[in-house]
Amino acid sequence: MQVPADLQPGTVAIVGVPWDEHSSFMRGAALAPARIREALHCGSANLCAETGPDLGAEARFRELGDLELTGGVAALTQIERVVADLLAREVRVLALGGDHAITYPILRAYGKRYDQLTVLHLDAHPDLYDEYEYNRYSHACPFARIMEERLATRLVQVGIRTMTPHQRAQAERFGVEVVEARAWRPGTSLSLAGPVYLSLDMDVLDPAFAPGVSHHEPGGLSTRDVLGLVQGLPAPIVGADLVEYNPSRDVGDVTGMVAAKFLKEIAARMLEPGQAHPTVHIGIESC
Ligand code: MN
Ligand code: MN
């Protein structure tokens, strides 16, 4: 993927991250970015978000293709560098995973750019393991790494329904605010202050709505619940990822269409005015 030279500030860049090396149970999420783009441009739908914006007519909506990753630990640095480059141009990144391991390197770039960042994490799983199957970069671990490095000031998780004692202890240790699926009610409003980074794991949905995920976890949110959350967020979304869609498990491309729908509604929120200028983190940067 080449970063085009003509990206104007405030652009929402759709970046495919076809990477699933750190999936624990089943691979396949690396196939997702291409399939989500296919669903997005499928003749059965259009590019208008429900709230109005026509992404097809919006010059600041840009699809940049897929990152070319070498694999291994180097991929973490590659993802972070590209996102940092885009943020330096005041572009907002909407990344298409891949599995949830992509969120840690993305937030390394965001954490250096924003000194106050709220992360809203929608998922069946808290992904807070200190390590999983001897892998600290597993898709089961990103939010432990993110909180250890203080890349977010607040982490708010919604839809969780697989807490283990270890992860409960981790949530407490890091001060994570958790709205478990059993406590979730449609219309629940979250008190969030911007800027917000949204990390959307497709398995937050009940498998009835999204069978194309590696970890089927019954008792989840509906597609409309998630759309309502995105549309009703009281704060600007400065970055987002859409992860864990696994096309090899999908049924009739249903989950691909749901992912494309989420992409449209999230991008529409990210294009809203008044979000162009990030708070630049002033401090000593390490890389
Ligand atoms: Mn996850
Ligand atoms: Mn999950």
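This structure is a prediction, so every number in the text was calculated from the model and none was measured. First listed ligand is number 1; within each ligand, the first listed atom is number 1.
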Q) Below 6.0 angstrom between ring centroids: does that apply to Tyr132 and His22? A)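 Between His22 and Tyr132, which both carry aromatic rings, the centre distance is not below 6.0 Å.
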Q | Test side-chain hydrogen bond (donor to acceptor under 3.5 Å, both in side chains) applied to Asp123 and His100, Gln157, Arg161, the passing residue | A | His100
Q: Considering just N/O/S atoms, say which atom of Asp127 is closest to the Mn ion (ligand 1).
A: OD2
Any side-chain donor paired with an acceptor under 3.5 Å for [X] and [Y]?
X	Y	result
Gln78	Thr70	yes
Asp203	His215	no
His41	Glu63	yes

Verify the distance test for [X] against the Mn ion (ligand 1): any N/O/S atom under 2.8 Å, yes or no.
X	result
Asp203	no
His100	yes
Asp201	yes
Asp123	yes

Q) Can you name the N, O or S atom of His125 that is closest to the Mn ion (ligand 2)? A)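 Atom name of the closest N, O or S in His125: ND1.
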